[in-house]
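One structure is given here, and the rest of the page talks about it.
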Amino acid sequence: MRTYQFINEQSFNTFTLRKQIMTNKINRRKFLIGGTALGVASGISNISGAQAPSIKKGSVKPVVVASGNGHTMKNGGKFNCVETAYNRIVRGDDVLDALIEGVNIVELDPLDASVGFGGRPNANGVVQLDSCCMHGPKKQAGGVGALEGVRMPSLVARDVMEKTDHHLIVGKGAQDFARNMGYKIEDDLNSDRSRKMWLDWKRRIDPEHYLDPEKREVAGRNAAMDMIKEGIIPEDEYYGTINCNGINADGDICGVTTTSGLAWKIPSRVGDSPILGAGLYVDGNYGAAGSTGRGEANLYGLCSYLIVEEMRRGSHPLDAGMTALKRIQENTVEKRLLNERGLPNFSVNFYVIDKQGRFAGVALYGEYASGEPRKYAVCDENGSRLEDLEPLLSGSSV
Ligand code: ASP
């Protein structure tokens with residue numbers, strides 16, 4: 001019976017260690033029953049280090065995975081993101097087009113204050129959106145950063161991919177590009193809800209005087225953490241995004257990530273979401289990975305790229321995701337980013353699919369501060385559902 005190497009390296013107490021191993025065993029069984037049926041039938045090994053197998057066309061069970069809002073948000077309609085994407089994928093539509101139509105639902109839903117219209121504004125109250133997409137078979141990608149005034153930045157990201165020679169266009173240039181492509185540019189993408197929460201945050205910090213950056217960072221973060229504790233902003237909206245990845249029966253893999261970024265960020269801050277290799281990476285021959293959570297932590301390790309590279313070496317998506325989380329933990333050494341246990345005081349989550357259609361959702365922590373479990377969205381032949389994210393560390397980030 002194998003266990004994860006990294007678990008033995010942790011300074012967890014015995015109880016935590018046992019619990020973690022048990023959780024991993026349970027999940028391993030779930031994979032064997034579900035997502036890895038093809039791998040088992042064809043004798044494909046899950047053991048890291050094995051060569052990633054080649055896949056015959058038409059031999060994969062289609063699946064779509066996303067952050068939890070891919071299941072919960074419907075923008076007042078009948079279908080959520082993952083089932084919208086899945087339904088198109090099994091009809092034979094292009095995988096990336098299907099995924100983008102899925103995330104458009106979340107971008108437009110004002111109830112999701114971490115993506116698109118009604119997303120969290122920056123510190124000046126302006127909603128700036130980031131997105132990127134990658135098409136595995138076409139080996140193409142496009143992205144936008146700090147884009148203002150366009151509700152569905154994932155569409156503009158796809159236009160950058162399809163209609164330019166570039167990958168990433170940011171700021172005013174991204175808006176000019178969108179206008180030239182025919183997108184409606186709006187003055188303000190705040191919803192009443194996102195504006196109200198920004199005002200509350202602003203009231204809690206000194207709005208007049210730019211404190212020295214360190215004090216301001218601490219003041220801004222403390223204000224946000226207090227608002228989370230008071231239940232004014234859900235923790236998954238402070239860090240919030242949608243990443244959505246899918247695979248069709250032919251093994252075509254694509255992915256898209258779209259976000260309003262870190263809540264109340266310094267204007268023009270761009271996180272991991274639109275950066276290839278960080279917020280999203282797809283290699284059509286091996287798999288896809290994308291993230292939500294503290295982008296700065298992900299950027300240090302370009303973790304989506306790391307995960308796909310691990311899968312290229314034969315790792316199961318779960319092992320590959322855990323390797324990335326471990327890297328994030330190792331790279332987190334600044335005191336201000338550590339909790340009382342000396343562990344990261346934030347979470348990062350990854351949503352992973354490999355070329356065989358095996359999938360995993362992993363998180364630094366499996367719980368929110370409230371004790372609620374962190375979940376991700378899955379849609380396959382069994383329909384759309386939320387599943388628990390597999391944690392690297394016990395408890396929550398606080
Ligand atoms: N990862 C995104 C960022 O850092 C947003 C998030 O998921 O919180 O911008």
Side-chain angles (χ1 to χ4, degrees), residues 66-85 99-133 144-158 174-175 178 183-203 223-224 227-228 230-244 256-265 267 269 271 273-274 279 292-293 295 349 368 372 375-377 384 386:
S67 37
N69 45 1
H71 175 82
T72 51
M73 295 294 155
K74 294 187 175 174
N75 192 28
K78 223 169 138 193
F79 297 107
N80 63 30
C81 164
V82 288
E83 57 200 1
T84 299
L99 299 176
I100 289 178
E101 187 178 331
V103 299
N104 288 162
I105 293 169
V106 186
E107 289 174 322
L108 291 175
D109 194 334
L111 288 180
D112 191 308
S114 69
V115 179
F117 172 67
R120 294 266 173 263
N122 64 23
N124 289 350
V126 178
V127 177
Q128 292 184 322
L129 303 174
D130 305 329
S131 179
C132 77
C133 61
V144 287
L147 171 62
E148 296 176 15
V150 181
R151 291 184 181 215
M152 293 180 280
S154 61
L155 296 177
V156 188
R158 183 175 57 192
Q175 191 185 63
Y183 290 87
K184 182 175 168 199
I185 310 295
E186 298 180 59
D187 283 344
D188 185 5
L189 292 184
N190 276 292
S191 62
D192 290 346
R193 183 164 175 258
S194 66
R195 193 188 325 280
K196 191 163 169 290
M197 284 191 228
W198 173 77
L199 277 170
D200 199 326
W201 178 79
K202 200 72 176 166
R203 259 204 334 262
M227 289 171 69
I228 291 170
E230 291 166 31
I232 293 170
I233 172 175
E235 193 180 341
D236 60 349
E237 286 188 6
Y238 179 61
Y239 297 113
T241 291
I242 183 164
N243 162 248
C244 185
V256 58
T257 301
T258 175
T259 188
S260 54
L262 184 66
W264 315 308
K265 59 199 173 187
R269 172 267 190 189
S273 301
T292 60
N349 319 302
Y368 292 107
E372 289 289 302
K375 292 181 181 282
Y376 72 111
S384 166
L386 288 173

Shortest non-hydrogen separation from T259 to S114 and the atoms involved: OG1-O, 3.4 Å

Could you go step by step and tell me if T292 and N349 meet the side chain to side chain donor-acceptor pair (under 3.5 Å) rule? CA-CA 5 Å; T292 60; N349 319 302; 2.9 Å; yes

Just by modelled atom types, is the S260 backbone N or O under 3.5 Å from a matching donor or acceptor in the K265 side chain? yes

For the student: nearest non-hydrogen atoms of N75 and D109, plus distance: N-OD2, 2.7 Å

Nearest 0.5 Å please: distance from the CG atom of N243 over to the OH atom of Y376. 12.0 Å

Roughly how far, to the nearest 0.5 Å, is NZ of K375 from OH of Y368? 10.0 Å

Spell out, as yes or no, whether a donor-acceptor pair under 3.5 Å connects the side chain of N69 to the backbone of M73. no

Do the non-hydrogen side-chain atoms of P121 and V127 ever get within less than 4.5 Å of each other? yes

Report the C-alpha separation of L147 and Q128 in whole Å, then their side-chain angles, then the decisive distance to 0.1 Å, and conclude whether the side chain to side chain contact (heavy atoms under 4.5 Å, CB included) test is met. CA-CA 5 Å; L147 171 62; Q128 292 184 322; over 6 Å; no

Starting at CD of E83, measure out to CD1 of I105 and round the result to the nearest 0.5 Å. 8.0 Å

Roughly how far apart are L99 CG and C244 SG, rounded to 0.5 Å? 4.5 Å

Determine yes or no for a side-chain-to-main-chain donor-acceptor pair under 3.5 angstrom, with T257 supplying the side chain and G279 the backbone. yes

Could you go through the side chain to side chain donor-acceptor pair (under 3.5 Å) check for E101 and N104 one step at a time? CA-CA 5 Å; E101 187 178 331; N104 288 162; over 6 Å; no

Check whether any side-chain N or O of E107 sits under 3.5 Å from a backbone N or O of S154 as a donor-acceptor pair, and report yes or no. yes

Roughly how far, to the nearest 0.5 Å, is CG of L129 from CZ of R151? 11.0 Å

Closest heavy-atom contact between M197 and M227? O-CE, 3.5 Å

Minimum heavy-atom distance K184-V150, with the two atoms named: O-CG2, 4.2 Å

Under 3.5 Å, is there a donor-acceptor pair between the side chain of N80 and the main chain of V82? yes

So L189 and E148, do their side chains get closer than 4.5 Å, heavy atoms only? no

Considering non-hydrogen atoms only, spot the tightest contact between S194 and G118 and give its length. CB-O, 3.4 Å

Contact between R269 and N122 at the side-chain level, heavy atoms closer than 4.5 Å - yes or no? no

When every non-hydrogen atom of T258 is compared with those of S131, the smallest separation belongs to CB-OG, 3.6 Å

Main-chain N/O of R120 paired to W198 side chain as donor or acceptor, under 3.5 Å: no

Interatomic spacing from CG in D112 to OG1 in T72 - rounded to 0.5 Å: 7.0 Å

